[in-house]
Amino acid sequence: MKYALKKLLTTFVTLVVVSLCVFLAFNILPGDPAVRMLGLEASPELIEQTREKMGLNDPVLVRYFRWFTAFLHGDFGTSYSYSVPVAGMIISKIPITLTLGLLAFALTILISIPLGIVTAKYENGILDRAITVINQVIMAIPPFFSGILITLVFGMIFKFFTPGGFISYTDDIGGFVKYLIFPSIAIALPKIAMTVRMLRGNLIDEAGKDYARTAYSRGNNTNGVLYRHVLKNAMIPVITFLGMALADMVAGSIVVEQVFSIPGISRILLTSISNRDYPVVEAIIMGIAIIVIGVNFLVDIIYMMIDPRIRIDE
Amino acid sequence: MNDISLKKILKNPYLVIGGIIMGLILLMIIVGFFWMPYEPTKMSASEKLQGISLKHIMGTDNMGRDVFSRVMYGSRVTLMIAVGTIIIGAGVGTIIGAITGYYGGVIDEVVMRIIDALFAFPSILLALVIVSVFGVGWGQLVISLGIAFVPSFARIVRGEVLRCKNMDYIENARLQGVSDIRMIFVHILPNIKGVMASSILIGFNNAVLAEAGLSYLGVGSQPPYASLGRMLSDAQQYMLTRPSYVICPGIVIVMMVLGFAFLGEGIKRWK
């Protein structure tokens, strides 16, 4: 339990560090948010009044603290461009991007772990060699290009789905998930390739160690050694990688959403970046940061559960 | 990393394949400085969206511009952005990693906390944050991607410096009164050049991917001088009428990434 508490504390510290970085990045910018909101023709008195009202005259750390505590309470500020609360703008988009990322993550696990085991089990066999080559190529294809190719082949030629025919989850949840399957394949492909390669390498390394030989000599067959002994150890680095991959896939969905014209977080983020609508950008970035940090915390906890050495060390 | 001979390189299939691919791409880019089949921005209303032919070996785009000439130009832009990214990322990352690793203590704790937090952050998102701070354009893109690449280099170099700093030859140099700066740059860093070389090549691989992704989103190089990623986003709507317009620049991106990946893998396996 001490270990979990310690991790919880570092997680919180990381969150504070990240939020401070994000806040400072958007607050050292030239340009006055009050002027941006009111326009260049506004009178100096009005600007001063607005600055006071927005709390812009306080020291940076006070503003940071106010922003951070408000953020934890679900108040993400007001959009500069639309003058509406940011939370309302993004809350309906989060399920779309999150579903896309999680679908891609599920696909990655479902496909890469069996493939990694098979390629390691039949090391240097035909299947293993073929997959190694295919993996190398897949890793070189950026998700948006595979997305374009998938749209062309499966959307336009074979008509498995209608490109641009996104269905909202409020209308038809089945159609919504169905539309997201092809985009999630585009996001998952390079991660699948990386995970297979990593798991294969780890399994082969672990299988050469002494404990694996001991397990064999105690009368286990190949499958027994593989599933009961080797796999567990080989999975430890893979779990770290998958944690990072999940974060990457949520971020990667920003690009792929554009390819498949999915109205998720991506569109708001990109328009807000070009409009310099910082509260919206800040909120989205912080949202993704919280997901990333949360996943890392979960990874540490899963570690503790599968690797007793960590518990004893503490 | 020593005794580099042609025979040893030829025995390493990764280096050979990577070398051939990168050689061809570099050749295309270098030739592009002196000669291109057409001016990459020259439009022609009568030659819109043509297929692959002898006259236009990759066809033409929706404005009648020659796709091959644009790919030649676009690869140059993409590669230059990648080079800039690596110079910033590897340069700053190496300095941070070397200093934190060498001195340790409080600076190390604080800086590495920040680096760890940034490292956990997807680099494309980090670059998007920085682009939104600096604005849109290819110069800004180089700075953004460069900063986004600092954490990974800093971590690699820090780890290597930690590994080296207690070795006997360093102790020996310390007894001879070598200054800290000289110790880091003359004695430690040359010793980790093998690791650096492969991480720089993998960095190139990631930089090309990230640049393509960000330009695809429209925050990188601006038209009419487009990088490869930008060409793809322009081409996407014509993919059914003229697939070659989308596929050709896409394949060049894939080849570029593959070339760097093979070279990086080859150096990693160099014994």
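By convention in this document, chain letters (A, B, ...) are assigned in the order of the sequence lines, proteins followed by strands, and residues within each chain are numbered from 1. Values in this document were obtained by computation on a predicted structure and should not be read as measured data.
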At a heavy-atom separation under 4.5 Å, does [X] approach chain B through its side chain, its backbone, both, or neither?
X        : answer
A/Leu270 : side chain
A/Met139 : backbone
A/Val259 : both
A/Leu269 : side chain
A/Leu15  : neither
A/Thr10  : both
A/Val281 : side chain

Interface residue of largest heavy-atom contact number with chain A, from B/Gly250, B/Ala235, B/Ala261, under 4.5 Å: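 It is B/Gly250.
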
Worked verdict on B/Ile253 versus A/Phe145 for side-chain contact (heavy atoms from CB on, under 4.5 Å): CA-CA 9 Å; B/Ile253 296 180; A/Phe145 185 49; over 6 Å; no

Would you give the length of the straight line joining atom [atom1] of [X] to atom [atom2] of [Y], rounded to the nearest 0.5 angstrom?
X        : Y        : atom1 : atom2 : result
A/Asp248 : B/Ile124 : CG    : CD1   : 9.0 Å
A/Thr14  : B/Ile114 : OG1   : CD1   : 11.0 Å
B/Met239 : A/Thr151 : CE    : OG1   : 4.5 Å

Shortest non-hydrogen contact from A/Leu152 toward B/Pro243: CD2-CB, 4.3 Å

Minimum-distance pair of heavy atoms, taken over all atoms of A/Pro142 and B/Leu209: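 Taking every non-hydrogen atom into account, CB-CD2, 3.6 Å.
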
Please classify the contact between [X] and chain A as side chain, backbone, both or neither, with a heavy-atom cut-off of under 4.5 Å.
X        : result
B/Leu240 : both
B/Ile247 : both
B/Leu128 : both

Residues, nucleotides or ligands: over 12 heavy atoms within 6.0 Å of A/Phe12 CZ: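 No.
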
Pairwise side-chain contact, A/Phe144 with B/Leu217, heavy-atom cut-off 4.5 Å (strictly under):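 No, their side chains stay 4.5 Å or more apart.
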
